[in-house]
Amino acid sequence: MRKLSLLVVLITFTACQKKETAPKQEIAKDPHSFSNPAEAVVKHLDLDIKVDFDTQTISGKASWLIDNISKGNEIIFDENTLNITKVTLGDDEKETKFELGAAVEFHGKPLHITIEPNTTKVNIYYNTSKESVALQWLKPEQTADKKYPFVFSQGESIWSRTWIPCQDSPGVRFTYNAKVSVPKDLMALMSAVNPQQKNNTGVYTFKQEKAIPSYLMAIAVGDVEFKSIDNRTGVYAEHSQIDKSVWEFAELGKMVNAAEKLFGPYRWGRYDVIVLPPSFPFGGMENPNLTFLTPTVLAGDRSLTSLLAHELGHSWSGNLVTNATWDETWLNEGFTTYVEHRIGEEVFGVEEAKMQDVLSRKVLENNLAELGNDSPDTRLKVDTSGRNPDEGLSDIPYEKGYAFLQTIEAAVGRKKFDAFITNYFNDHAFQSVTTEEFVSYFNKNLIKGDKALADKIKVDDWIYKPGIPANIITPVSEDFIAIDCIQKTWRKTGIKGLSQKIKSTNEKQHFIDYLPKDLTIQEMTDIDKEFNFTNGGNFVVRRQWFIIAIQHQYKLAHPAIEKFLTSYSRTYSLMPLYKEMVKTPEGKAWAKQIYAKAKSGYHATTVVAIEPLLK
């Protein structure tokens, strides 16, 4: 999942469709899960649920096949705001005792279930509540077509337990089958093999034969259509969005081919994307087989489709090889950001890649300035014990992780590093990995006792220390150097005509990022007249421009800023604007007014992130 501006998507069939299983491994202790997988662990889920829009609940039965490793008398699940009505054991459904433990903020409660030494199946009857963080229930007027209601889930990081009782840790993987009953006018989709058209029963079945962690469990139900892009990719969207989505994502196939060329075959079967309503809280979410995507990527000119490479990259780093706990998020996001940039270079060219590198570094620098170089949250391996793990999720695991892998590539050469990464993905396929396991693999397979090489890369400094090591690679873009020259002269030569020299989204971002700190209102007016940033830019360009507009109290942009903040729930794109607004008393009052209007359309995770800023 891309936190700031990165997003979404795609992939491919493999010739081999047989079930792939990972070698048995010890599961790392997860501070954000109550479960005891070293003693009793889930292996497969059969889910039978009904989606009820009248009550805004999901109800049914989660039947778990388990491995009672210790032959003990208890298995522990995670749950949060669920109503557990009954628990039975085995196919004969022998009723058993269950008990909920004490609640922990953000984490919910442990669900203690009594089992027998030979128990292999646990059936949990339950229903969700309106407090479920994972589920966003939308009224018809909150959708693009405004005809039917919609619901979608967002499980990362610890929210799947709010719609399914599960062992909610990225270190626990399982396969699943599902039967989902929905209103007949709607279609159900999941992170699995999906239907491509509605049926007349409202009952849909799903199968996910690859073992996934719980945060990749996903569901979407709405009035959506499907259209193919090529023989292995396609798009789901509401009727008013489907044609523009297919046009916008026409290069999906090229990205898929580039990713496979770089890092080996895609192992998940078919890959599709779904364009969700605006309340989706992220750019994209890499749910297997079906990436969830914000409509903000539909720029109308394909200017943001390079962002799809991030979610595509997760099909290797994240979904295939997963961080074992949320303290090692960099193993998902740092690797994926590296893969994303490599795919972008392959598809869009070296100059595009250089610009993306510079933009990424600016994001890293901004995040370091906000957190402080000495903050423990600027380490790659963080400690989020006792916290909502989302609190430790910044741009650090993405951009510092990417810079670390760039440093390794520069030290050993691209050819050697590509082989290492490909082998790393293959050797750990369908496994969850700790930072220490990665370091051990890295030392064994790349360093190989070469002390000079180890000293050159400085692994411990990158992973376990805050801030940025001195051996970081400095990105350079000749295109941006030309814009830097324009920045030095435009006050003398004037703004007129610059929009013909600064055209692409990347170039506009860089120009906005390095505008003078002492801009006048007249200069902002002239820039806006030349580029039409306030009303004509795509989502990313407008976000960057609005930050500058807030800083300089450029009130001509205020109506557009308010519309921007009330139209979407893309958390990590809204946050920078709210953060700027609350720096002044007037801005904070304005932010509260806008938030009061926007809150009903925001996802729960967006609300959790923004409300502390306004207090």
Side-chain angles (χ1 to χ4, degrees), residues 1 32-35 42 44-64 77-87 98 100 103 106-111 122-138 149-170 172 174 176-183 186 188-192 194 204 206 208 212-222 274 276-277 279-282 285-288 290 292 388-390 569 603-608:
M1 171 180 58
H32 298 295
S33 174
F34 299 110
S35 63
V42 299
H44 176 81
L45 169 64
D46 285 303
L47 188 65
D48 187 348
I49 54 175
K50 177 183 178 182
V51 178
D52 190 327
F53 283 91
D54 292 333
T55 61
Q56 294 190 342
T57 60
I58 289 176
S59 60
K61 177 173 70 168
S63 294
W64 289 98
F77 290 84
D78 296 295
E79 78 82 26
N80 192 348
T81 69
L82 297 177
N83 176 33
I84 310 298
T85 57
K86 182 173 69 171
V87 180
F98 67 92
L100 294 174
F106 301 116
H107 296 74
K109 301 175 183 178
L111 171 60
V122 176
N123 310 293
I124 305 172
Y125 291 80
Y126 75 100
N127 58 268
T128 64
S129 69
K130 291 186 178 181
E131 286 71 45
S132 170
V133 172
L135 299 175
Q136 181 82 351
W137 299 88
L138 303 177
F150 205 110
V151 66
F152 62 84
S153 66
Q154 172 55 37
E156 190 176 5
S157 54
I158 57 170
W159 307 118
S160 285
R161 67 189 70 177
T162 70
W163 77 282
I164 301 173
C166 56
Q167 292 188 324
D168 198 7
S169 168
V172 176
F174 55 90
Y176 78 86
N177 298 330
K179 175 184 174 185
V180 181
S181 300
V182 303
L186 307 181
L189 304 168
M190 294 192 75
S191 52
N194 281 296
Y204 296 88
F206 304 89
Q208 178 53 267
I212 64 168
S214 55
Y215 77 91
L216 294 177
M217 284 291 299
I219 188 171
V221 181
I274 179 172
L276 292 172
S279 55
F280 182 58
F282 300 111
M285 181 62 208
E286 64 274 12
N287 299 311
L290 185 68
F292 284 18
N388 175 355
D390 289 349
S569 184
H603 190 274
T605 58
T606 309
V607 171
V608 168

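What you see below is based on every heavy atom in this structure, not just the backbone, and it leaves out hydrogens, waters and symmetry mates.
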* Asked: Side chains of Y176 and L47: does their closest heavy-atom pair fall under 4.5 Å?
  -> no
* Does a side-chain heavy-atom distance below 4.5 Å link V151 with Q56? -> no
* To do: Sorted by first residue and then second, give each salt bridge (Lys or Arg N to Asp or Glu O under 4.0 Å) pair with at least one member in residues 129-138; sequence neighbours left out.
  => none
* Asked: Is any side-chain heavy atom of V51 less than 4.5 Å from a side-chain heavy atom of I219?
  -> yes
* Verify, without hydrogens or angle tests, whether S129 (side chain) and T81 (backbone) share a donor-acceptor contact under 3.5 angstrom. => yes
* Take V42 and F77 through the test side-chain contact (heavy atoms from CB on, under 4.5 Å) and record every step on the way to the result. => CA-CA 9 Å; V42 299; F77 290 84; 3.5 Å; yes
* Asked: Which atom names give the shortest non-hydrogen contact between H603 and A134, and what distance separates them?
  -> NE2-O, 4.0 Å
* State, with a plain yes or no, whether a side-chain heavy atom of L186 is found less than 4.5 Å away from one of F53. => yes
* Would you give the length of the straight line joining atom CD1 of I164 to atom CD1 of I124, rounded to the nearest 0.5 angstrom? => 10.5 Å
* Structure fact -> Sorted by chain and residue number, the side-chain hydrogen bond (donor to acceptor under 3.5 Å, both in side chains) partners of S132 (sequence neighbours excluded) come out as T162
* To do: Return the set of residues passing ring pair (Phe, Tyr, Trp, His ring centres under 6.0 Å) with Y126 (not counting sequence neighbours), or none when no residue passes.
  => none
* When you measure from the side chain of D78 to the backbone N and O of D168, does any donor-acceptor pair fall under 3.5 Å? -> yes
* Y215 and side-chain contact (heavy atoms from CB on, under 4.5 Å): which partner among M285, Q154, R161? -> M285
* Structure fact -> By side-chain hydrogen bond (donor to acceptor under 3.5 Å, both in side chains), T128 pairs with (sequence neighbours left out) none
* To do: Kindly say whether L216 contributes a backbone atom to a donor-acceptor pair with the side chain of S191 at under 3.5 angstrom?
  => yes
* To do: Would you indicate whether the side-chain heavy atoms of H32 and S157 approach each other to under 4.5 Å?
  => no
* Asked: Given S63, which of D48, D46, N123 fulfils the side-chain hydrogen bond (donor to acceptor under 3.5 Å, both in side chains) condition?
  -> N123
* Structure fact -> Here the pair of heavy atoms bringing I84 nearest to V87 is CG2-CG2, 4.0 Å
* To do: Indicate the ring-plane relationship of W64 and F174, choosing parallel, tilted or perpendicular according to the 30° and 60° boundaries.
  => perpendicular
* Can you see which heavy atom on M217 is nearest to which on S153, and at what distance? => O-OG, 4.1 Å
* If you take all heavy atoms of N177 and Q208, which pair is closest and at what distance? -> OD1-N, 4.4 Å
* What pairs with F150 under ring pair (Phe, Tyr, Trp, His ring centres under 6.0 Å), at least two apart in sequence or on another chain? -> none
* To do: Quick one: do I49 and W163 satisfy side-chain contact (heavy atoms from CB on, under 4.5 Å)? Show the steps, please.
  => CA-CA 11 Å; I49 54 175; W163 77 282; 4.1 Å; yes
* Would you check, one step at a time, whether the test side-chain contact (heavy atoms from CB on, under 4.5 Å) holds for V180 with F206? => CA-CA 8 Å; V180 181; F206 304 89; 3.8 Å; yes
* Asked: Do F292 and F152 have their ring centres less than 6.0 Å from each other?
  -> no
* Any residue meeting salt bridge (Lys or Arg N to Asp or Glu O under 4.0 Å) with K61, in chain and number order, not counting sequence neighbours -> E93
* Candidate pair N80 and W159, rule side-chain contact (heavy atoms from CB on, under 4.5 Å), full reasoning -> CA-CA 8 Å; N80 192 348; W159 307 118; 4.2 Å; yes
* Asked: Taking all atoms of both residues into account, what is the closest heavy-atom pair of S214 and C166, and its distance?
  -> CB-SG, 4.0 Å
* **pair L111-L100: side-chain heavy atoms closer than 4.5 Å** => yes
* **Approximate separation, where rounding is to 0.5 Å, of L189 CG and N194 CG** => 5.0 Å
* Structure fact -> Closest non-hydrogen contact found for P213 with S169 is CB-O, 4.1 Å
* Passing option when N127 is tested against N83, T55, D52 for side-chain hydrogen bond (donor to acceptor under 3.5 Å, both in side chains) -> N83
